[in-house]
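One structure is given here, and the rest of the page talks about it.
Predicted, not measured: the structure shown is a model, and the values here were computed from it. Order of the sequence lines sets the chain letters (A, B, ...), proteins ahead of strands, with each chain counted from 1.
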Amino acid sequence: MSEKYFLKHIDRPESNTLAFYLQQGGYRTWKRVLQEKSPEQIIEEVKRSGLRGRGGAGFPTGLKWSFVPRQSASPKYLVCNADESEPGTFKDRYLIEREPHLLLEGMAMAAYAIDSRQAFIYIRGEFAYGAQTLERAIHEATEAGLLGKNIQASGYDLQITVHRGAGAYICGEETGLLESLEGKRGWPRLKPPFPATKGAFGCPTVVNNVETLVNLPVILSLGADRYAAIGSNEKNTGPKLYCLSGHVNRPGLYEFPLGKNLQELIYQEAGGIRKGKKLKAVIPGGSSVPVLRADEIDVAMDFDALVSRGSMLGSAGVIVMDEDTCMVKALLNLATFYSHESCGQCTPCREGTMWMKKILSRIEHGQGRPEDLPLLEDIARHIQGRTICPLGDAAAMPAASFLKQFRQEFIEHIEQKKCPHSK
Amino acid sequence: MAISFSSQALEAFHQLLALYPDKSAALIPVLHLAKREFKTITPEVMSYVAGLLDVPPTRVMDVVSFYTLFPREEEGRYVIQVCATLSCSLMGAGTIIDYLQKKLNIGIGETTADKRFTLKKVECLGSCGTAPVMQINDDYYENLTPARIDEILASLP
């Protein structure tokens, strides 16, 4: 049994209170860090830990922080990305609702490391309970002198503000998120400039995912070396949350070191496929990553092994589909999602996602034409790499991979002029 | 008659302004406040919010029309949002939506005649491990079955 850092208190509903958190030794590391470590030392330690961003891209966190100018005439901001909306992903919601102080402790460390005095938590609008939980936790921690003005007589101030979104997947993209934080439509920005130099309100900004931030108290209490020993190799370190959904016997949240074997995750941990059915397909990292066939899942769930397998770790949102699943219908479902969530700014994505949805809908409903398959591939190719933000790629990649991996099913729909799965 | 926030909401408004380096950045939180006060974000509400924040009404409209959580038309007392994205769909969201339509005798996007329920089909609510899922106003309801839905709807005040 590997040690749990995030799901340790899954059976303790009171885990979101300050009293409980303090009892477990919470904020002890924050107090020690504030007394003993300089911001440079923290950045160095996080770099040595090997922590890579848990939002999906896997960018090294310490390196991201080091792009923020040390000296800056303007304020610097830390923004926590709590806009969790990638289909198949539900890890941040648990952390927010059940471990809010772990998140605040991690945010305090990150803000101190980049010398930010004001931080925001951008939480998706639907998480009303999560926003309340965070507000209460911030209040408790401020009253206890762990946040706020002159924390522990160190001279360091930190104000954390909860900012609720209002229903838009695109705001999970970091520059879309910053636009939304500034009170605008969540239209992603052209990069450069990167947020590290010009982010929120034109000031240097770091945007980190919830799960990334909760790793910081773990790193700074264990030390970089012990932390780096967790995981599959030196490039994939630390504990990781895995979200299992779809046709498994025990869907839910699981914690293991980064690099847990996907087959073990599905068959041992989540109890295998429901009703004794056979597995057909798995999307391993949230809806935006390429789909794997049942014979491709003996693979480590880490940033590099999944890339070698032709997919990605993404958010580790594992969506499991059994033998009865219609892959055309599944892809149509995702195409509908991306078409709805495309922000409309870039033509290839706005028009391409809409056409993919329309074409898939006609294939599913028995009106597909043989030329629809190359047409879909052509549309996907013309979206990928031609948009401001990665939503376009996120829509194109599943389409291209479903068509490659399960082409025969698409052909059957077209030839039989109906969905073979519908009765 | 011109609309206005209650004194309590005005106090909340001033507290919000202090949290942002730029007044117009408070637009989304102020719209959440306006939704709580007025329920529907009508053109009149948009003009009022624009006045409070010293921004043109078009800026408010631009933002309101971009997001899904600011209703521009009147909704029922309980807004039922059923997640229809992949994990929920694999676990039977379609059946749940059909059942609700029949039970409430309305289509998707419609409101019952007594203005009690509005039914919406929405994209991923981030609760895929407990699919199928719906949200009624601020609360999540998970692992849904038709029988659970009967219980939940009957329990609403």
So [Y] and [X], do their side chains get closer than 4.5 Å, heavy atoms only?
{"X": "B:D62", "Y": "A:K184", "answer": "no"}
{"X": "A:H340", "Y": "B:T68", "answer": "yes"}
{"X": "A:Q159", "Y": "B:L19", "answer": "yes"}
{"X": "B:S87", "Y": "A:F90", "answer": "no"}
{"X": "B:F66", "Y": "A:W187", "answer": "yes"}
{"X": "A:R164", "Y": "B:P29", "answer": "no"}
{"X": "B:I28", "Y": "A:S180", "answer": "yes"}
{"X": "A:T336", "Y": "B:T85", "answer": "no"}

To the nearest 0.5 Å, how far apart are [atom1] in [X] and [atom2] in [Y]?
{"X": "B:L86", "Y": "A:T325", "atom1": "CG", "atom2": "OG1", "answer": "8.5 Å"}
{"X": "B:L90", "Y": "A:D324", "atom1": "CG", "atom2": "CG", "answer": "11.5 Å"}
{"X": "B:Y20", "Y": "A:F120", "atom1": "OH", "atom2": "CZ", "answer": "6.0 Å"}
{"X": "A:Y169", "Y": "B:C124", "atom1": "OH", "atom2": "SG", "answer": "9.5 Å"}

Between the side chains of A:R124 and B:E123, is the shortest nitrogen-to-carboxylate-oxygen separation below 4.0 Å, so that they form an ion pair?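 Between A:R124 and B:E123 there is no salt bridge, as every charged N stays at least 4.0 Å from the carboxylate O atoms.
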Residue among [options] with most heavy-atom pairs under 4.5 Å to chain B:
{"options": "A:Y94, A:F127, A:Y129", "answer": "A:F127"}
{"options": "A:G317, A:G344, A:G165", "answer": "A:G165"}
{"options": "A:A166, A:P75, A:G167", "answer": "A:A166"}
{"options": "A:G252, A:A330, A:G186, A:C203", "answer": "A:G186"}
{"options": "A:D92, A:T161, A:V320", "answer": "A:T161"}

Over all atoms of both residues, closest heavy-atom pair of B:M91 and A:G246: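 Taking every non-hydrogen atom into account, SD-O, 3.4 Å.
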Can you see which heavy atom on B:D138 is nearest to which on A:A128, and at what distance?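 So the minimum-distance heavy-atom pair works out to CG-CB, 3.5 Å.
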Got a sec: does the CZ of B:R36 have more than 12 other heavy atoms crowding it under 6.0 Å?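 Open: at most 12 neighbouring heavy atoms sit under 6.0 Å from CZ of B:R36.
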Are there over 12 heavy-atom neighbours, none belonging to A:K198, within less than 6.0 Å of that residue's NZ?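 Result for NZ/A:K198: open.
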Contacting region of [X] [heavy-atom separation from chain B under 4.5 Å]:
{"X": "A:I170", "result": "side chain"}
{"X": "A:Y77", "result": "side chain"}
{"X": "A:F201", "result": "side chain"}
{"X": "A:L334", "result": "side chain"}

Test log, rule salt bridge (charged side-chain N to carboxylate O under 4.0 Å, His left out), inputs B:K23 and A:E182: CA-CA 9 Å; B:K23 201 172 174 183; A:E182 293 179 12; over 6 Å; no
After noting the C-alpha distance and the side-chain angles of A:E126 and B:V122, does the key distance pass the side chain to side chain contact (heavy atoms under 4.5 Å, CB included) rule? CA-CA 11 Å; A:E126 290 84 350; B:V122 298; over 6 Å; no
B:C128 pairs by side chain to side chain contact (heavy atoms under 4.5 Å, CB included) with which of A:P87, A:S245, A:C243, A:S287?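 It is A:S245, the one option of A:P87, A:S245, A:C243, A:S287 that forms the side chain to side chain contact (heavy atoms under 4.5 Å, CB included) with B:C128.
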Could A:R185 and B:Y67 be counted as a cation-pi pair, given that NZ or CZ must be under 6.0 Å from the ring centre and within 45° of the axis?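 Here A:R185 fails the 6.0 Å and 45° test against B:Y67.
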What part of B:A84 is in contact with chain A, defined as an atom under 4.5 angstrom from a non-hydrogen atom: side chain, backbone, both or neither?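 Only the backbone of B:A84 comes within 4.5 Å of chain A.
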Answer with side chain, backbone, both or neither: which region of B:S127 has an atom nearer than 4.5 Å to a non-hydrogen atom of chain A?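 For B:S127, backbone and side chain are both near chain A.
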